[in-house]
Amino acid sequence: MNITLPDGSVHQYDEGISALDIAQSISPRLKKATLAAELDGERIDAFAPIHGDHQLKLLTFADENGRWAYRHTASHLLAQAVKHLYPAAKLAIGPAIENGFYYDFDTTVPFTQDDLSAIEKEIEKISAADLPLERFELPRIEAIEYMRKLDEPYKVELINDLPEDAVISFYRQGDFVDLCAGPHVPSTGKIKNVKLMSIAGAYWRGSEKNKMLQRIYGTAFEKRAELDEYIARIEEAKKRDHNKLGRELELFTTVDVIGQGLPILLPKGARVIQLLQRFVEDEEQRRGYMLTKTPFMAKRELYKISGHWDHYRDGMFIMGDPDDEQAEVFALRPMTCPFQFMAYLNRSRSYRDLPLRYNETSTLFRNESSGEMHGLIRVRQFTISEGHLACRPDQVENEFKGCLDLAKFMITTLGFENDVTYQFSKWDENNTDKYIGSKENWESTQNTMRNILNDIGVDFVEVDGEAAFYGPKLDIQIKNVHGKEDTLITIQIDFQLAERFGMVYTDSDGEKKYPVVIHRTSIGCYERTLALLIEKYAGALPTWLAPVQVKVLPLTDRTADASDKIRLELEKYGVRAECDPRNEKIGFKIREAQMQKIPYMLVIGDKEIENGVVAVRSRKDGDLGTMPLDAFIKDLVAEIAAKSHD
RNA sequence: GCCAAUGUAGCUCAGUUGGUAGAGCAGCGCAUUCGUAAUGCGCAGGUCUGGGGUUCGAGUCCCCACAUUGGCUCCA
């Protein structure tokens, strides 16, 4: 048989030999490194016999799919170890994931941290035993019978749900067998440096209606050093956690009697958000937006029109008895759309009025589930750079592009351009109850959006079931220090709510028509944006956003008055400056300013006064030497105006 | 909402098998007037998250609530 390798070279081999044998023929070292293989692009076991002519790629730990096989096998070692230590545990599923793997178990008693150490030891034993993995297939009936005998009800359910024509394969390693599509590495001895990271509850098949299982997360690396580095990186990332830094830097706090998801923005945090809001509102004004200020609450009738009463009631804070049809029931707003629609409805609109762009720095209230709250990233009251555009169908494309351009401008200004991903969030056609409107309507709107995205050349992924109830979204996603992804910015196309609200415009032909509505944010939610800025810059916010930009540090009491004058001079130029006149050593004052991540410190001693200069220290580069105050101010003002970040 | 962990001074933490709370930093006072990441001494500071219970006695044990954290589900 002829095997073509990725470099294009063709080699002849005997029928039925495996990818491992082929690797061996190239070098013993390659055989050792080979974890799995791709045969004509299909992932296979490296130990599987090959017949006929094919393209072959050997997968090592350097390949994403190689790592996948490695960690998937590690999850089988985990399952085997758990079965050894807790024979009554039932197996659910155990896939490889980004940076690791997990396995779900049904156990009578939850795992503890101590259990994890014991399981890790057992995994090491299984690795040391170097058990070969073998694959075998069974017909459906026998496969079910086999798993019944092993008393694995979750596996039986999985097999039952496999498609008619599915190949049902199993992998055996020693005394352990698991239902699995593979591929796997040749033997358990390959799997080293396994670290069990955490225990979590997880619903069977991801549905809260099902039983909650015990999930063990782990990771595995080929080399010890890689594992150590990965763990060190996680520890390093945790130090950037906004929830820790944001509290230490006195940007925000929480109070238990106020309640979950209701953070207090302290003066420094409020200052940063104020700066962001001014920046956003000014930029939006420049781009033709008109600012509205609409109420924080409305009667339920408004939400009945919008559909929120039917589709989002659980997420709203409602004042009054929602079941009493006679009563006047109010609800805090969970979004701004219907309010800005009322602004549109203020008078009749002509096609000449469109596009109409409304923006609002809008505070919203959402009754998120109690387990969802997370620092400033997921809260129950937040303020968002909201906006709604009403446009004619022929304007949708341009307006959408304008929204994306604004979003990208914000992302770039904040320095997030390499941290975001674009997600095209579509409806779930198998669960239409969650949405309003017809299938045709959804299909055509989604096609419109997809065409625009393709036309712009955005690199996006499509995800089903993530749309708003009224239309598809472009979500700009970002990950926090724990790797959890959230939406930073969203742009949505809505062909439905205008009709519900009776929003029309008179077209050039005299006909009344419904405008297309674009729902969008430009910088997203301010609290969340602040959180991500803290994490991105480890608390050292870019100078233009720093709550305090310059700390003036008199060396002795003799220079305290002069230092305060310098502070006043800085403030004349709009610089946020503070003076630290305390009778402390200069090293101590510097240490404090440094820990507060203040961009610049000016050390003022007798020498500086005498020479008419300031001694500049930057939080990043340390002592910068002396310069005239006006020169420092000039550079600083330029840096702030440029909104530079590094 | 579900599975778990955690909750002691403003912050970071210690507190043995239940016997009535301790350190460092921060704060305040005094001394020191100092040259680029912590000057010294002293003082003050706690209903041990809240509420029940067990006990002669609870920060320690049990129950409930609240909050914080990691996941799951959810996320207009």
Side-chain angles (χ1 to χ4, degrees), chain A residues 102 104 107 110-113 197-217 238 241 243-244 247-248 250 253-262 303 306-308 311-316 333-338 364 366-375 377-378 384 425 434-436 465-471 473 475 482-487 490 492 494 497 519 553-560 582-596 601-608 615-619 622-626:
Chain A
Y102 68 78
D104 287 347
T107 59
F111 293 116
T112 65
Q113 279 299 326
M197 308 296 287
S198 60
I199 314 154
Y203 297 109
W204 165 238
R205 306 197 113 179
S207 169
E208 61 184 335
K209 292 186 185 76
N210 292 335
K211 183 165 183 184
M212 180 155 274
L213 308 174
Q214 294 290 313
R215 174 172 298 177
I216 296 179
Y217 282 99
K238 281 185 188 157
D241 190 341
N243 225 331
K244 188 171 179 301
R247 290 168 197 270
E248 280 171 12
E250 296 191 297
T253 188
T254 50
V255 180
D256 57 5
V257 292
I258 291 179
Q260 252 193 315
L262 298 168
Y303 306 111
S306 67
H308 286 87
H311 289 271
Y312 197 66
R313 199 189 313 181
D314 289 346
M316 293 201 284
R333 64 178 180 196
M335 41 51 235
T336 325
C337 341
L364 305 180
R366 298 181 184 181
N367 192 7
E368 302 283 359
S369 309
S370 60
E372 292 307 329
M373 259 57 78
H374 172 69
I377 285 183
R378 194 84 181 269
I384 195 163
S425 301
K434 282 173 70 181
Y435 309 93
I436 57 174
E466 293 286 318
F469 72 80
Y470 47 72
K473 309 188 287 179
D475 289 323
H482 300 287
K484 185 161 176 152
E485 193 174 77
D486 273 294
T487 302
T490 184
Q492 311 166 1
D494 165 18
L497 291 183
H519 306 238
L553 308 176
L555 197 64
T556 69
D557 287 349
R558 291 191 301 280
T559 54
R582 292 174 306 167
N583 175 15
E584 297 288 351
K585 288 194 162 179
I586 196 67
F588 180 80
K589 294 187 192 181
I590 286 170
R591 179 183 151 80
E592 285 207 340
Q594 198 76 41
M595 287 195 306
Q596 288 165 34
M601 288 149 261
L602 299 181
V603 177
I604 310 299
D606 295 328
K607 278 192 286 185
E608 284 73 24
V616 182
R617 182 190 165 93
S618 109
R619 69 180 170 199
D623 194 348
L624 299 179
T626 60

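Throughout, protein chains are lettered first and strands after them, A, B, ... in sequence-line order, and every chain is numbered starting at 1.
- Closest of all the heavy-atom pairs between A/Glu608 and A/Ala615 is OE2-CB, 3.6 Å.
- Note on A/His482: only backbone sugar-phosphate atoms sit closer than 4.0 angstrom, heavy atoms only; bases stay farther off.
- For the C1' atoms, the distance linking B/rC2 with B/rU16 amounts to 36 Å, nearest Å.
- Residue A/Lys209 is out of contact with every strand shown, counting any heavy-atom pair closer than 4.0 Å.
- Around atom CD of A/Glu250, no more than 12 heavy atoms belonging to other residues, nucleotides or ligands sit under 6.0 Å away.
- A gap of 22 Å separates the C1' atoms of B/rA4 and B/rU8, to the nearest Å.
- Residue A/Lys434 places at least one side-chain N or O closer than 4.0 Å to OP1 or OP2 of B/rC75.
- Across all strands shown, A/Lys244 has no heavy atoms under 4.0 Å from either base or sugar-phosphate atoms.
- The aromatic rings of A/His308 and A/Phe469 stand perpendicular to each other, their planes meeting at an angle above 60°, with 30° marking the opposite boundary.
- In this structure, A/Asp606 reaches the bases: a heavy-atom distance under 4.0 Å links it to at least one base atom across the strands shown.
- If you check every strand for non-hydrogen atoms under 4.0 Å, A/Gly622 touches nothing.
- A 3.5 Å limit on both hydrogen-bonding distances identifies B/rG10 as the Watson-Crick or G-U partner of B/rC25.
- Remark: B/rG46 base-pairs with no nucleotide in the shown strands. Criterion, Watson-Crick or G-U wobble with two distances under 3.5 Å.
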